[in-house]
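I have placed the structure first, in the form of structure tokens, so that the comments after it can refer back to it.
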Amino acid sequence: MPHPFDQLNLEEVRGSHSVKWSLFPEDVLPLWVADMDYPIAEPIAQAIQARLSKRIGYPQGAGDPELLDAIIAKQERLGLKGLQRENLWLTSSVVPGIYASVLALSSVGEEVITQVPVYHPFLLALSDYGRVTKANPMQPGASGWEIDFEHLESLVTPATRLLMLCNPQNPTGRVFTRSELEKLAEFALEHRLWVMVDELWADLIYEGEHVPFASLCEEIAQRTVTLTGPCKAFNTAGLGGGVAISHNRAILERMQNVSKGVGGHPNVLSMAAWLAALQHGQPWLRETLAYLKANRDFLSRFLAEKLPEVGYIPPQATYLAWLDFRALGLEDPHKFALEQAKVALNDGAIFGEGFKGYLRLNFATSRPLLQEALERLAGALKASMVDDR
Ligand SMILES: Cc1ncc(COP(=O)(O)O)c(C=O)c1O
């Protein structure tokens with residue numbers, strides 16, 4: 001029997017309510033920005049409806065206490081223990097937390113280290129606010145995209161303040177192992193760095209185990225702020241909602257201070273949706289994860305059979321595939337995919353210097369649409385090779 005996600009209603013998906021489906025002309029298949037084409041879980045939809053029947057007045061300043069407790073319980077299950085409500089600061093979404101951590105934990109002209117390729121707002125937060133980016137390119141290795149620890153060490157100077165980490169990693173889909181994270185923690189402690197870790201993708205793991213960075217030891221917990229939110233696992237990006245978590249209250253206070261007057265207050269519909277996701281969203285999430293994994297495996301088989309020139313390490317997490325088109329000799333793979341294949345992907349160049357020629361593909365769509373997009377890419381590449389003869 002076909003899965004309901006195999007039969008997405010395109011009328012519902014298309015339209016101006018969605019940047020993914022409205023930025024490009026109708027003949028383009030959009031597999032770019034990171035949201036899913038699937039409808040949200042029924043308990044979440046119901047919770048939003050139910051919340052509308054109450055008043056939409058100002059919420060409690062720190063957010064709905066029931067939600068804070070549910071987030072704490074969820075973090076405990078992941079392995080991050082000992083949190084109280086005051087160790088949480090609700091943000092309007094995760095990106096404002098990224099910016100606030102940069103502002104709070106470094107100053108203009110100071111250096112910040114991050115692995116690249118990486119979710120581009122990490123890099124934008126640094127350039128927007130005059131911080132110096134110290135990029136540590138990851139390398140393909142036995143366990144997938146790996147951290148180059150030797151190069152990492154060579155980047156540190158007395159002006160280095162902050163380490164920004166994304167785990168699970170966007171765009172490579174790596175889930176860092178406990179021993180890799182322990183090495184990073186040692187590095188941060190040795191050089192007295194603050195750490196911002198974005199763990200937004202922690203619920204979308206196919207292989208490997210999520211280890212919350214701040215759970216590694218008490219000393220690292222005191223130097224770390226963890227960012228997360230509901231939007232990747234539960235497909236609620238348009239509602240917003242995020243949280244900054246730290247055992248060190250002083251970090252959160254600094255982040256709140258730099259956001260004074262511009263951070264806004266928690267959104268009541270977003271909080272209702274997030275609480276429902278935490279309380280009742282697991283069956284939907286399990287089902288969705290199984291569908292995504294099958295999409296990932298379909299993509300792997302397709303690439304191996306029909307596009308073997310495309311470099312690809314299957315992601316252990318996320319619904320993103322990081323594709324290396326450099327061997328195909330295209331001048332601009334992003335433009336080629338968009339104009340010749342009519343498939344919109346993310347240009348690798350935005351994820352860090354040195355990644356021109358890579359493309360990021362979002363496979364959180366129906367299997368037939370994924371197949372069509374891949375066939376369009378394979379067909380356009382074949383045609384371009386014929387043209388070149
Ligand atoms: C690692 C990471 N952090 C943050 C975000 C954005 O989060 P939000 O929409 O809650 O600001 C994304 C979106 O793709 C992401 O991949």
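Everything quoted here is computed from the prediction, not taken from an experiment. Throughout, residue positions are numbered sequentially from 1 according to the sequence presented. Note that ligands are numbered from 1 as they come in the structure, with each ligand's atoms numbered from 1 the same way.
- Residue Lys232 approaches ligand 1 through these ligand atoms, each under 4.0 Å from one of its heavy atoms: 12 (C), 13 (C), 14 (O).
- Ring to ring, Phe234 and Trp274 are not that close: their centroids are 6.0 angstrom or more apart.
- Residues Phe363 and Phe298 place their aromatic rings such that the two centres sit no closer than 6.0 Å.
- For the residue pair Glu12 and His17, the shortest heavy atom distance occurs at O-NE2, 3.2 Å.
- Contacts between Val94 and ligand 1 below 4.0 angstrom, taking non-hydrogen atoms only, involve backbone and side chain alike.
- Taking the six-membered ring for Trp and thresholds of 30 and 60 degrees, Trp32 and Phe24 have ring planes more than 60 degrees apart, a perpendicular arrangement.
- When non-hydrogen atoms are compared, ligand 1 lies under 4.0 Å from the side chain of Asn170 (C-beta onward) but not from its backbone.
- Residue-environment remark: CD (Glu219) stays at or below the threshold of 12 foreign heavy atoms within 6.0 Å.
- Trp201 and Tyr319 have perpendicular rings, their planes meeting at more than 60° on a 0 to 90° scale where under 30° would count as parallel.
- In summary, the atoms of ligand 1 found under 4.0 Å from a heavy atom of Ser93, numbered by their order in the structure, are 8 (P), 10 (O), 11 (O).
- Within 6.0 Å of CD on Glu218 lie more than 12 heavy atoms contributed by other residues, nucleotides or ligands.
- Numbered from 1 in the order shown, with element, the atoms of ligand 1 that lie under 4.0 Å from a heavy atom of Val95 read 6 (C), 11 (O).
- Atoms of ligand 1 found under 4.0 Å from any heavy atom of Ala34, numbered from 1 in the order shown, are 14 (O).
- Judged by the 6.0 Å and 45° rule, Arg223 forms a cation-pi pair with Trp194.
- Of all atoms in ligand 1, numbered sequentially from 1 with element shown, those under 4.0 Å from a heavy atom of Cys166 are 1 (C).
- The nearest heavy-atom contact from the protein to atom 6 (C) of ligand 1 is Tyr119 OH, 3.1 Å.
- Contacts with ligand 1 closer than 4.0 Å are made by side-chain heavy atoms of Cys231 only, the backbone lying farther away.
- Residue contacts with ligand 1: Trp201 is included, with a non-hydrogen atom under 4.0 Å away.
- Looking only at protein heavy atoms, the nearest one to atom 2 (C) of ligand 1 is Asp198 OD2, 3.3 Å.
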